[in-house]
Amino acid sequence: MIETFTKQFLSTTLSLLLLIATTPFEAGAQQSGQQEPAGSSGQGAPLSADELQQLVAPIALYPDALVAQILGAATFPDQVASASGWLQQNKNLTGTALTQAVDTQTWDPSVKALTQFPSVLDNLAKNLSWTSALGEAYHTQAADAMAAVQVLRTKAKAAGNLKSGSQITVVQQSPQVIVIQPTNPQVVYVPQYNPTVVYGTPYVTPGYSAATVAATGLLAFGVGIAVGAAISNNNCCGWGYSYWNCNWHGGAVVYRSTAYYGNTAWRGGYYGSSATAYGPNGAARVGSAYNPSTGTYARGASTVTPYGSQKVGQAYNPNTGAYAATHQASNAYGNYGSSVVSKNGQTAYTQHQTTAQGSVGTVQTSAGGKGVAASGVHGSGAAAQTANGNKYAAANGNVYKNTGGGWQQTRGGSSNYSAASRGWGQQEASSRSSAFNSGGGGWQSRSASARGSASGGRRR
């Protein structure tokens, strides 16, 4: 009973984690959209005009080119998070050195462009739920999203809160189109405003929060961002500010004079990327995936060589804090692996190993529960301890428990009773030795194992 339960638990946990590791590989190639993808109606009912206005309210009064970059980048929320983290780690890079370093990254041009505006990129990364919704809205309802921006600009102008100045120039191009450009084309100012006030009608954006701004309808501006270097350097950075614009009449972002619809790998809200390399010694694959409906990110990698195979995978949901990681390997002598799952402040660690001599698996939780199950040519057995200290053991059909009053047999004959009753401490020590630090599978401590599997995914 105990051994069956433990094996089933380990098997289910590891299967789920392996699914996390392998699912990204089947997601297809991630692409940059120069043309609107066929069948891009998305998933679920289209957003209403009011819902779209709520989504775009935080960015509607930005200069046109910056709006274009944000709408494009919002269809790559995983890259937004990656680029924001990369900027935090490379604060020493500025000017040409920064743009050249960004140019070597694999991010979409829209994401690269936003690295010139760290505060904007950081805001998108801190509000990934909103960012994902904004990207989905632009991908599936591009013309409607663009129209929502114009509705809000008209409202802000009518309220007397959108006007030309030393930072921005506001032009009423037609009755339905208001264009916002930097007054100095070489310097871009990012406006700061309160969406609940500036439009004359309060707008509350779901999933969005920003730094506190004054409860007035006035636009404020921070330090201007010099964009001339990236604009003028034709040998680098063809994703710079000057390459972006909005076609308000056509209802689409424009990048390098072509309509741009962002990530064409979206499929009803789900998308991913993968890459494969082949060589004389085997093959390697990496992949990532994102599900905006749940906010879950996943990534994984695998290698196959004549000496065996290895797989690693991670999944994380910043909205719920749920996290999982796994590392699995196999060779001519057997297979082994370790995994970690964490949610709601509770964490479980598992390890397993199978060779010609048999199998062993362990589980340990942050609450104090732990268990081990093993089988081999001499039989099978299992032992477990719950978080409240109750102990259970089983071997070859005999089951025992100890809830504080000594060991009692609950199933099977009496032939193995004495061995089981005297062996809890020995079993526990033995299982710890074989499962966590034996030489057969290269076992680590559970904390090191968790770190190892978590760091195994390719950082994008």
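What you see below is based on every heavy atom in this structure, not just the backbone, and it leaves out hydrogens, waters and symmetry mates. Quantities reported herein were computed from a predicted structural model and do not represent experimental measurements.
A donor and an acceptor atom, one from each side chain of Lys343 and Gln346, are nowhere located under 3.5 Å apart. Residues Asn388 and Thr386 bring a donor and an acceptor atom of their side chains to less than 3.5 Å of each other. A donor-acceptor contact closer than 3.5 angstrom links the side chains of Tyr203 and Gln53. A side-chain N or O of Ser309 and one of Ser330 form a donor-acceptor pair less than 3.5 Å apart. In this structure, a donor-acceptor pair under 3.5 Å is absent between the side chains of Tyr208 and Gln54. Remark: the Thr347 side chain and the Ser342 side chain contain an N/O donor-acceptor pair separated by less than 3.5 Å.
The closest side-chain heavy-atom distance from Pro195 to Pro202 is not below 4.5 Å. Annotation: side chain of Gln141 is in contact with side chain of Leu52 (closest heavy-atom distance under 4.5 Å). Contact check for Thr350 versus Val340: no side-chain heavy atoms found under the 4.5 Å cut-off. Contact check for Tyr349 versus Ser338: no side-chain heavy atoms found under the 4.5 Å cut-off. The closest side-chain heavy-atom distance from Thr326 to Val312 is not below 4.5 Å. Using a 4.5 Å cut-off on side-chain heavy atoms (C-beta onward), Thr205 and Trp130 make contact. The shortest distance between side-chain heavy atoms of Tyr199 and Tyr193 falls below 4.5 Å. Under the 4.5 Å side-chain criterion, counting only non-hydrogen atoms from C-beta, Val399 is not in contact with Tyr392.
Between Asn123 and Asn127 the shortest heavy-atom distance is O-ND2, 2.9 Å. The two atoms that bring Leu124 and Leu114 nearest to each other are CD1-CD1, 3.5 Å, heavy atoms only. When every heavy atom of Tyr261 is checked against every heavy atom of His139, the shortest pair comes out as O-ND1, 3.8 Å. The shortest non-hydrogen separation linking Leu47 to Ala137 is CD1-CB, 4.1 Å. Nearest heavy-atom pair, Ala68 versus Val253, reported as atom, atom and distance to 0.1 Å: CB-CG1, 3.6 Å. Shown here for Thr303 and Ala284, the closest heavy-atom pair between the two residues is CG2-CB, 4.1 Å.
Judged by distance alone, the side chain of Thr75 and the main-chain N or O of Asn263 form a donor-acceptor pair under 3.5 Å. At distances below 3.5 Å, at least one donor-acceptor pair connects side-chain atoms of Ser110 with backbone N or O atoms of Ala73. Not one N or O on the side chain of Arg256 forms a donor-acceptor pair closer than 3.5 Å with the backbone of Trp239. A distance-only check finds a donor-acceptor pair linking the side chain of Asn90 to the backbone of Trp86 [under 3.5 Å].
Considering Val120, Leu61, Val223 as possible partners of Val190, the one that fulfils the side-chain contact (heavy atoms from CB on, under 4.5 Å) test is Val120.
Separation of atoms CD (Gln314) and NE2 (His327) is listed at 12.5 Å; rounding is to 0.5 Å. Separation of atoms OG1 (Thr131) and NZ (Lys126) is listed at 12.5 Å; rounding is to 0.5 Å. Interatomic distance, Leu87 CG to Gln116 CD, rounded to the nearest 0.5 Å: 11.0 Å. The distance from atom OH of Tyr62 to atom CZ of Phe117, rounded to the nearest 0.5 Å, is 10.5 Å. To the nearest 0.5 angstrom, Asp122 atom CG is 6.0 Å from Gln88 atom CD. Note that CG of Leu55 and CG of Asp144 are 12.0 Å apart. Values are rounded to the nearest 0.5 Å.
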Would Tyr241 and Gln69 count as a side-chain hydrogen bond (donor to acceptor under 3.5 Å, both in side chains) here? Give the steps.
CA-CA 8 Å; Tyr241 185 85; Gln69 294 169 12; over 6 Å; no
Under the side chain to side chain contact (heavy atoms under 4.5 Å, CB included) criterion, do Gln353 and Ser359 qualify, and how do the steps go?
CA-CA 6 Å; Gln353 181 182 24; Ser359 300; over 6 Å; no
Given Tyr243 and Val254, is the side chain to side chain contact (heavy atoms under 4.5 Å, CB included) satisfied, shown in steps?
CA-CA 8 Å; Tyr243 293 98; Val254 174; over 6 Å; no
Kindly determine whether Thr196 and Asn194 satisfy side-chain hydrogen bond (donor to acceptor under 3.5 Å, both in side chains), including the steps that lead there.
CA-CA 5 Å; Thr196 64; Asn194 190 332; 2.5 Å; yes
Hey, mind stepping through Ser339 and Gln328 against side chain to side chain contact (heavy atoms under 4.5 Å, CB included) and telling me if it holds?
CA-CA 8 Å; Ser339 303; Gln328 306 296 320; 3.4 Å; yes
Between Ile70 and Leu134, is the side chain to side chain contact (heavy atoms under 4.5 Å, CB included) condition met? List the steps.
CA-CA 9 Å; Ile70 291 172; Leu134 181 64; 3.9 Å; yes
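The ring-ring contact (aromatic ring centres under 6.0 Å, His included) check on Tyr138 picks up nothing, with sequence neighbours excluded.
Ring planes of Tyr255 and Trp244: parallel class, angle under 30° (limits at 30 and 60°).
Checked for salt-bridge contact, Asp108 and Lys112 miss the test: no charged N lies under 4.0 Å from a carboxylate O.
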